[in-house]
Amino acid sequence: QQAELQHARWAMVGAAGILVPEALGSPVLWTEAGKGDYILPWQGLLAVQALMMGWAEQRRWQDLSNPGSVNTGAIYDDLKWGDDGNDLGYPGGDIFDPLRYQYKFEKDPELMREFREKEIKNGRLAMVALVGFAAQTFVTGKGPVQNWLDHLADPGTQTIFHNMGH
């Protein structure tokens, strides 16, 4: 359950990271984004990502191994989980809940169940969408937004069953 939830969240972020730049007119295809010029060389970006992900994963693993243990230490007061470790995978605290849903959920547990179900369903859809994005891009050489626009412009021939532009 924890792995599916984690993968679902990353897939939703990944899908947004593919769709938004293309929709905003980025000339770089998502599969080529790593070739751009950045402040740091790719090794530096990789190191920063590894450190940040390592910290987050270490905290998640700590909470799975010993529920509630991530709530210790003064440095983590603003980052602690919403409860005392009984609700793994759902961080709380103001930094993780800017819209203050935890207060609504305390009054209506059914709303919390509904939101969690929506989150996992959207996450599953995002995981499938990423497979579709990759397949489209590797077959057509275009991003998902351009493929969708091509299909809208010519739905009779721009489909999975026809030429797809090659």
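Atom CE of Met52 sits in a sparse spot, with 12 or fewer heavy atoms from other residues, nucleotides or ligands closer than 6.0 Å.
For Arg124, the salt bridge (charged side-chain N to carboxylate O under 4.0 Å, His left out) criterion is met by Glu4, not counting sequence neighbours. Among residues two or more places apart in sequence or in another chain, the salt bridge (charged side-chain N to carboxylate O under 4.0 Å, His left out) test is passed with Lys104 by none. Evaluation of the side chain to side chain donor-acceptor pair (under 3.5 Å) rule for Gln49 yields no partner, not counting sequence neighbours. Remark: Lys118 engages Glu114 in a salt bridge (charged side-chain N to carboxylate O under 4.0 Å, His left out) (not counting sequence neighbours).
Residue pairs meeting the salt bridge (charged side-chain N to carboxylate O under 4.0 Å, His left out) criterion with at least one partner in residues 45-56, sequence neighbours excluded, do not occur; the list is empty.
One hydrophobic cluster, built from ILVMFWY side chains closer than 4.5 Å, cannot hold both Leu46 and Leu51; they sit in different ones. Val139 and Val131 fall into different hydrophobic clusters, defined by Ile, Leu, Val, Met, Phe, Trp and Tyr side-chain heavy atoms under 4.5 Å apart, directly or through other members.
With salt bridges taken as basic N to acidic carboxylate O contacts below 4.0 Å, none links Arg116 and Glu119.
Each of Arg9, His7, Gln1 was compared with Leu5 under the side-chain contact (heavy atoms from CB on, under 4.5 Å) criterion, and only Arg9 meets it.
Here Val145 is tied into one hydrophobic group with Ile18, Leu19, Leu29, Trp30, Leu130, Phe133, Trp148, Leu149, Leu152, each link being a pair of ILVMFWY side chains closer than 4.5 Å.
Residue Met53 comes nearest to Trp10 through the heavy atom pair SD-CZ2, 3.2 Å, listed as atom of the first residue, atom of the second, then distance.
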